[in-house]
Amino acid sequence: MKILKYMLMFIPISIIAKFMGMSQTVMFLLSALAIIPLAGLLGKGTEELSFYSGPKVGGFLNATFGNATELIISFFALKAGLFDVVKASISGSVIGNILLVLGGSMLAGGLKYKTQKFNKDVIEISSSMLLFAVIGLCIPAIFTHTVDKTLLNTRYEGLSLVVAIIMFIIYILSLIFSFFTNKNVESVSKEEGQPKWSLKKSILILIIATILIAIESEFLVDGVEGLTKSLGLSEFFVGIILIPIIGNAAEHSTAIMMALKNKMDVAVEIAIGSSLQIILFVAPVLIFLSLIFEPMSIIFSPFELVALIAAIFIANKVSNDGESNWLEGVQLLAVYGIIAAAFFIV
């Protein structure tokens with residue numbers, strides 16, 4: 001999108017503003033505006049790289065770099081001790097991908113084509129894995145509400161680490177299944193056409209964009225406290241709504257564009273595949289990285305869990321019938337709006 005090119009000007013503006021000592025709220029806004037086009041560059045770079053690597057590796061790279069922005073932001077939030085923001089961003093990414101991204105794609109595509117169909121057999125594996133993943137997130141939370149509170153303070157972090165290790169192993173096994181056991185299944189995200197960038201240019205842009213996102217992410221995290229105080233927002237709202245939207249804005253727009261091109265297979269895979277990687281890869285990696293600073297648990301609030309479970313079941317329902325329409329999109333967006341409103345008033 002052309003607007004993303006113009007938004008790149010916020011990169012030097014945010015760096016200058018940092019040296020000028022601008023307020024935390026201003027820095028949060030400027031860095032957020034700078035991260036959005038950088039996330040777009042990551043997406044474009046992996047898209048070009050997929051022409052050289054093949055559709056399966058390309059699909060894996062798209063999903064990985066699509067979540068790289070949020071992983072980097074969450075790393076700096078971990079470093080700052082903002083555990084509530086980190087955990088909220090994990091659940092917010094999953095909820096946002098399934099309700100906001102999928103809902104927006106279904107609405108946009110449905111208004112143009114009325115009814116759209118997709119290959120439910122290909123997506124069924126991802127949606128089933130997603131259901132397993134959210135169950136893994138629920139177990140530690142249920143544990144905290146059922147055991148003696150004296151044990152809670154000494155053992156729940158260990159439980160979180162065990163769960164993270166198991167989920168990471170499942171993620172590795174899912175890659176083995178995808179690349180080897182199930183290698184003959186056609187990828188829904190297979191690229192068409194010819195690359196516009198050379199291989200060297202694609203890799204160089206990925207490296208530069210990643211470095212700049214790391215810089216801007218530190219600015220963003222430094223501004224969270226000022227933003228919450230000046231605007232009266234909770235850290236939950238910032239983590240579950242704002243950060244996922246900022247980190248995944250380019251990916252969101254890609255899903256909607258695919259739906260408008262009647263490629264609903266790709267749009268659904270972006271939403272479900274990205275959510276799956278958030279839970280099975282990003283969340284465990286953040287748990288491992290927290291050991292460097294201060295161990296973070298994987299305990300989510302009851303409301304976050306309810307929202308996650310509802311979103312996952314909706315994803316499974318959508319994938320089972322193999323078709324979508326604009327009314328289903330409106331319903332998903334309505335649920336997302338209700339969840340966002342609830343976190344806003346916290």
Quick one: CD on Glu218 to NZ on Lys79, what's the gap to the nearest 0.5 Å? 5.5 Å
In terms of hydrophobic clusters joined by side-chain contacts under 4.5 Å, are Ile169 and Tyr171 together? yes
Under a 4.5 Å side-chain heavy-atom rule over Ile, Leu, Val, Met, Phe, Trp and Tyr, are Val101 and Met129 clustered together? no
Is it the case that Glu70 and Ser93 place a side-chain donor and acceptor less than 3.5 Å from each other? yes
What distance do Leu71 atom CG and Gln277 atom CD have between them, rounded to the nearest 0.5 Å? 9.5 Å
Would you please indicate yes or no on a ring centroid separation below 6.0 angstrom for Phe237 and Phe343? no
Can you hop from Ile165 to Ile139 via hydrophobic side chains spaced under 4.5 Å? no
Holding to ring-ring contact (aromatic ring centres under 6.0 Å, His included), I want the full list of residues that pass it with Phe132, two or more places apart in sequence or in another chain. none
Any heavy-atom pair between the side chains of Ile309 and Cys138 that's under 4.5 Å? yes
Same cluster or not: Ile243 versus Phe344, using hydrophobic residues (I, L, V, M, F, W, Y) connected whenever any side-chain heavy atoms lie under 4.5 Å apart? yes
Determine whether Ile240 and Ser91 make a side-chain contact, defined as any pair of heavy atoms from C-beta on separated by less than 4.5 Å. yes
Ile73 side chain reached by Glu216 side chain, heavy atoms, under 4.5 Å: no
Could you grab the distance from atom CG of Leu8 to atom CG of Leu38, nearest 0.5 Å is fine? 6.5 Å
Answer yes or no: is there a donor N or O on one side and an acceptor on the other, between the side chain of Gln24 and the main chain of Asp222, under 3.5 Å? yes
For the pair Glu48 (side chain) and Lys196 (backbone), establish whether a donor and an acceptor sit closer than 3.5 Å, ignoring hydrogens and angles. yes
To the nearest 0.5 Å, tell me how far Leu30 CG sits from Ile11 CD1. 12.0 Å
Counting C-beta onward and ignoring hydrogens, is there a side-chain heavy-atom pair between Phe10 and Ile36 closer than 4.5 Å? no
Under the 3.5 angstrom rule, does the side chain of Glu304 hit a backbone N or O of Ser301 as a donor-acceptor pair? yes
Taking all non-hydrogen atoms of both residues into account, name the closest pair between Gly92 and Pro244 and its distance. C-CG, 3.7 Å
Set out, in order, the CA-CA distance, both residues' side-chain angles and the distance that settles side-chain contact (heavy atoms from CB on, under 4.5 Å) for Tyr336 and Ile241, then state yes or no. CA-CA 10 Å; Tyr336 184 78; Ile241 302 297; 3.6 Å; yes
Trp197 CH2: over 12 foreign heavy atoms closer than 6.0 Å: yes
Test of understanding: clusters of I, L, V, M, F, W, Y form through side-chain heavy atoms closer than 4.5 Å, transitively. Do Leu100 and Val306 belong to the same one? no
Would the distance check show the side chain of Tyr113 and the main-chain N or O of Leu260 forming a donor-acceptor pair, the cut-off being under 3.5 Å? yes
Got a second to check how far Leu332's CG is from Leu107's CG, nearest 0.5 Å? 10.0 Å
Can you check side-chain contact (heavy atoms from CB on, under 4.5 Å) on Met167 and Ile279, steps first, answer last? CA-CA 8 Å; Met167 294 174 76; Ile279 300 178; 3.0 Å; yes
Would you say the side-chain atoms of Gln116 and Asn262 include a donor-acceptor pair closer than 3.5 Å? yes
With a 3.5 Å distance limit and no angle check, can you tell me whether Ser290 reaches the backbone of Met296 through a side-chain donor-acceptor pair? yes
Assess whether atom CZ of Phe303 is packed by more than 12 heavy atoms of other residues, nucleotides or ligands within 6.0 Å. yes
Check: Gly226 main-chain N/O paired with Thr25 side-chain donor or acceptor under 3.5 Å: yes
Looking only at non-hydrogen atoms, find the nearest pair between Ala164 and Pro284 and report the distance. O-CB, 3.4 Å
Sub-4.5 Å side-chain heavy-atom contact between Phe75 and Leu289: yes
Atom pair CG (Leu233) and CG (Leu242), whose distance is rounded to the nearest 0.5 Å: 6.5 Å
Write down the atom of Ile312, the atom of Leu131, and the distance for their closest heavy-atom approach. CG2-CA, 3.6 Å
Run the numbers on Lys117 and Asp265 for salt bridge (Lys or Arg N to Asp or Glu O under 4.0 Å), then give the verdict. CA-CA 8 Å; Lys117 295 184 179 182; Asp265 273 332; over 6 Å; no
Let's go through Ile287 and Phe168 carefully: what are the C-alpha distance in whole Å and the side-chain angles of both, what is the deciding distance for side-chain contact (heavy atoms from CB on, under 4.5 Å) to 0.1 Å, and is it a yes or a no? CA-CA 11 Å; Ile287 296 295; Phe168 189 77; over 6 Å; no
Using residues 80-88 as the side-chain source, report each donor-acceptor pair under 3.5 Å to any protein atom, sequence neighbours left out, with the distance given to one decimal.
| residue | atom | partner | partner atom | Å |
| --- | --- | --- | --- | --- |
| Lys87 | NZ | Ser297 | OG | 3.4 |
| Lys87 | NZ | Ile299 | O | 3.2 |

Side-chain touch Ile98/Leu130, heavy atoms, less than 4.5 angstrom: yes
side-chain contact (heavy atoms from CB on, under 4.5 Å) between Met264 and Glu323, intermediate numbers included: CA-CA 9 Å; Met264 202 61 201; Glu323 62 180 43; over 6 Å; no
Could you tell me if the side chain of Leu99 sits less than 4.5 Å from the side chain of Leu333, heavy atoms only? no
Heavy-atom pair with the smallest gap, counting every atom of Ala39 and Ile213: N-CD1, 4.1 Å
Show me the donor-acceptor pairs, under 3.5 Å and distance only, between side chains in residues 202-211 and residues at least two apart or in other chains.
| residue | atom | partner | partner atom | Å |
| --- | --- | --- | --- | --- |
| Ser202 | OG | Ser198 | O | 2.9 |
| Thr210 | OG1 | Leu206 | O | 2.7 |

Work out which heavy atom in Ile256 is nearest to a heavy atom in Ser105; give both atom names and the distance. N-OG, 3.6 Å
Contact summary for Leu102 and Ala267, nearest pair of heavy atoms: CD1-O, 4.5 Å
Should Phe219 and Phe28 be marked as a ring-ring contact (aromatic ring centres under 6.0 Å, His included) after you check the CA-CA gap, both sets of side-chain angles, and the distance that decides it? CA-CA 7 Å; Phe219 295 165; Phe28 182 94; over 10 Å; no
I'd like to check Leu41 versus Leu212 (side-chain heavy atoms, cut-off strictly below 4.5 Å). Are they in contact? no
